[in-house]
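Side chains included, hydrogens not; waters and symmetry mates left out as well; all remaining heavy atoms used. No experiment lies behind these values; they were computed from the predicted model shown. Start at 1 with the first residue, then count along the sequence.
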Amino acid sequence: MADEDDKTYMARAIELSRITSMVESAGGVFGCVIVKDGKIIGEGANRVVAENDPTWHGEIEAIRKACKAEGSFKLEGATLYTSAEPCPMCMGATYWAGIEKVFYAASVEDALEYGNFDDSKIYAEIRKPVDQREMPIKQIMRAEAVEIWKMYKNKTDKVQY
């Protein structure tokens with residue numbers, strides 16, 4: 001259930017989506033804010049077009065800024081408000097950041113209908129076994145890579161995450 005604070009934060013995410021898409025023409029209709037302890041700790045907007053960067057999604061930018069503000073790569077206790085349902089990349093980043101809760105406004109179906117944003121191929125591909133995906137994915141040099149993993153396993157000063 002959303003309360004008035006949730007609606008205020010979502011309104012800000014929606015406003016960021018309006019600015020980036022309609023005013024700046026920087027990217028799609030995607031804005032995001034991250035809140036912890038009643039305070040916005042990170043904001044972001046889609047800038048894929050302006051930055052020529054397919055990873056510059058609103059959620060990713062907001063997570064980066066929030067982590068920097070918190071001085072941590074974990075955002076436990078934080079809530080993410082996004083103007084549209086997160087794509088697979090952004091949802092993965094949300095989990096990796098340890099965000100506690102997500103609110104979204106427009107659905108995946110809305111993004112497809114009104115903006116022609118279609119992530120259905122990605123969702124379908126990641127469900128398939130690696131050897132059945134459309135994009136060839138081949139494992140090479142495993143032994144060499146695992147040697148580094150073995151050293152990392154025994155590193156005494158590594159940061160766990």
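- The distance from the CG atom of D110 to the CZ atom of F117 is 13.0 Å, given to the nearest 0.5 Å.
- Rounding to the nearest 0.5 Å gives a distance of 13.0 Å between NZ of K121 and CD1 of I126.
- A 6.0 Å sphere centred on NZ of K158 holds more than 12 heavy atoms belonging to other residues, nucleotides or ligands.
- Linking ILVMFWY residues whenever their side-chain heavy atoms come closer than 4.5 Å, directly or via other members, places V35 and M10 in the same cluster.
- Heavy atoms from other residues, nucleotides or ligands lying under 6.0 Å from NZ of K68 number 12 at most.
- For E59 and T82, the side-chain atoms include at least one donor-acceptor pair closer than 3.5 Å.
- Once rounded to the nearest 0.5 Å, the distance linking CD of E134 with NZ of K128 reads 6.5 Å.
- For residues 89-104, no residue pair satisfies the side-chain hydrogen bond (donor to acceptor under 3.5 Å, both in side chains) rule, not counting sequence neighbours.
- F73 CZ: more than 12 foreign heavy atoms inside a 6.0 Å radius.
- For I60 against C90, the heavy-atom pair with the smallest separation is CG1-SG, 3.9 Å.
- For R133, there are no side chain to side chain donor-acceptor pair (under 3.5 Å) partners two or more places apart in sequence or in a different chain.
- The minimum heavy-atom distance between I40 and R12, with the atom names listed, is CD1-CG, 4.4 Å.
- Contact between T20 and S17 at its shortest, heavy atoms only, is CG2-O, 3.5 Å.
- Within a 6.0 Å radius of CG in D131, other residues, nucleotides and ligands contribute more than 12 heavy atoms.
- Residues E70 and K36 come closest through the heavy atom pair OE1-NZ, 3.3 Å.
- A continuous path of hydrophobic side-chain contacts links V102 to L75 [ILVMFWY only; heavy atoms under 4.5 Å].
- Rounded to the nearest 0.5 angstrom, S21 OG and R47 CZ are separated by 12.0 Å.
- For the pair D119 and P88, the minimum side-chain heavy-atom distance is below 4.5 Å.
- Of all the heavy atoms in I34 and A66, the pair that sits closest is CD1-CB, 4.0 Å.
- At distances below 3.5 Å, at least one donor-acceptor pair connects side-chain atoms of E61 with backbone N or O atoms of A45.
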Cut-off 3.5 Å, no hydrogens considered: what does the side-chain donor-acceptor table look like for residues 137-154, sequence neighbours left out?
| unit_1 | atom_1 | unit_2 | atom_2 | d |
| --- | --- | --- | --- | --- |
| N154 | ND2 | K150 | O | 3.3 |

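- The shortest non-hydrogen separation linking C32 to A62 is SG-CB, 3.8 Å.
- Note that the CD atom of E4 and the OH atom of Y9 stand 12.0 Å from one another [nearest 0.5 Å].
- Taking hydrophobic clusters as Ile, Leu, Val, Met, Phe, Trp and Tyr residues chained together by side-chain heavy-atom distances below 4.5 Å, V33 shares a cluster with F103.
- V29 and L16 end up in different hydrophobic clusters when Ile, Leu, Val, Met, Phe, Trp and Tyr side chains are linked at under 4.5 Å.
- Between atom CD1 of residue I63 and atom NZ of residue K65 there is a gap of 13.0 Å, rounded to the nearest 0.5 Å.
- Distance alone, capped at 3.5 Å, is enough to place a donor-acceptor pair between the D3 side chain and the D6 backbone.
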